[in-house]
Amino acid sequence: MKMVMAIIKPFKLDDVREALSEVGVTGVTVTEVKGFGRQKGHTELYRGAEYVVDFLPKIKLEVAVTTEQAERVVEAIQSAANTGKIGDGKIFVYAIDQAVRIRTGETNSEAL
């Protein structure tokens, strides 16, 4: 089993959700986060004063999938979230040792 975590631009969330549905993903966790990478934030003007916005709003998606699904999920996220501009985000894939569905007690791939 794999956990696919992606940090994307907020306006791409609907596109990514649709792409994940098309590849058979049944569940996803979405969190609003803030951060920066190579963009290093940007400068804004507010009431005549300039200030630096260090942390930019992003969306963090977490999707638990079988090992076989992981590559298709990564490709779906990458193609749906891509704008070709800096700040498109990152995708991380890491192993899941164990999964348990609380309601039924099902474990591992049956719990997904």
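Every side-chain hydrogen bond (donor to acceptor under 3.5 Å, both in side chains) that Thr104 has, sequence neighbours left out, goes to Glu106. With sequence neighbours left out, the side-chain hydrogen bond (donor to acceptor under 3.5 Å, both in side chains) criterion links Thr29 to no other residue.
Put simply, CD1 on Ile7 and CG on Asp88 are 13.0 Å apart, with the number rounded to the nearest 0.5 Å. Atom CD of Glu71 is separated from atom NZ of Lys2 by 10.5 Å, given to the nearest 0.5 angstrom. Taking CD1 of Ile96 as the start and OG1 of Thr66 as the end, the distance is 10.0 Å to the nearest 0.5 Å. Taking CE from Met5 and NZ from Lys60, the interatomic distance works out to 5.5 Å, rounded to the nearest 0.5 Å.
Taking 4.5 Å as the limit, some side-chain heavy atom of Lys58 sits within range of a side-chain heavy atom of Lys9. Using a 4.5 Å heavy-atom threshold, the side chains of Glu62 and Met3 count as touching. The closest side-chain heavy-atom distance from Gln98 to Asn108 is below 4.5 Å. Looking at heavy atoms from C-beta onward, Thr26 lies out of side-chain contact with Leu112 at the 4.5 angstrom threshold.
Here the side chain of Thr67 pairs a donor or acceptor atom with the backbone of Met1 at under 3.5 angstrom. With hydrogens and angles ignored, the 3.5 Å screen pairs no side-chain donor or acceptor of Lys12 with any backbone N or O of Ile77. Thr83 contributes a side-chain N or O that, together with a main-chain N or O of Lys85, makes up a donor-acceptor pair within less than 3.5 Å.
Taking both residues in full, the closest heavy atoms of Gln69 and Val65 are given as OE1-CB, 3.6 Å, listed atom of the first, atom of the second, then distance. Of all the heavy atoms in Ala99 and Ala111, the pair that sits closest is O-CB, 3.8 Å. Ala19 approaches Ala80 most closely through the heavy-atom pair CB-CB, 3.8 Å.
A chain of hydrophobic side-chain contacts below 4.5 Å, direct or via other Ile, Leu, Val, Met, Phe, Trp or Tyr residues, connects Val16 to Val93. Under the 4.5 Å side-chain contact rule for hydrophobic residues, Ile59 and Phe92 do not share a cluster.
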Exercise. Walk me through it: do Leu61 and Leu13 pass the test side-chain contact (heavy atoms from CB on, under 4.5 Å)?
Key: CA-CA 9 Å; Leu61 301 168; Leu13 178 59; 3.6 Å; yes

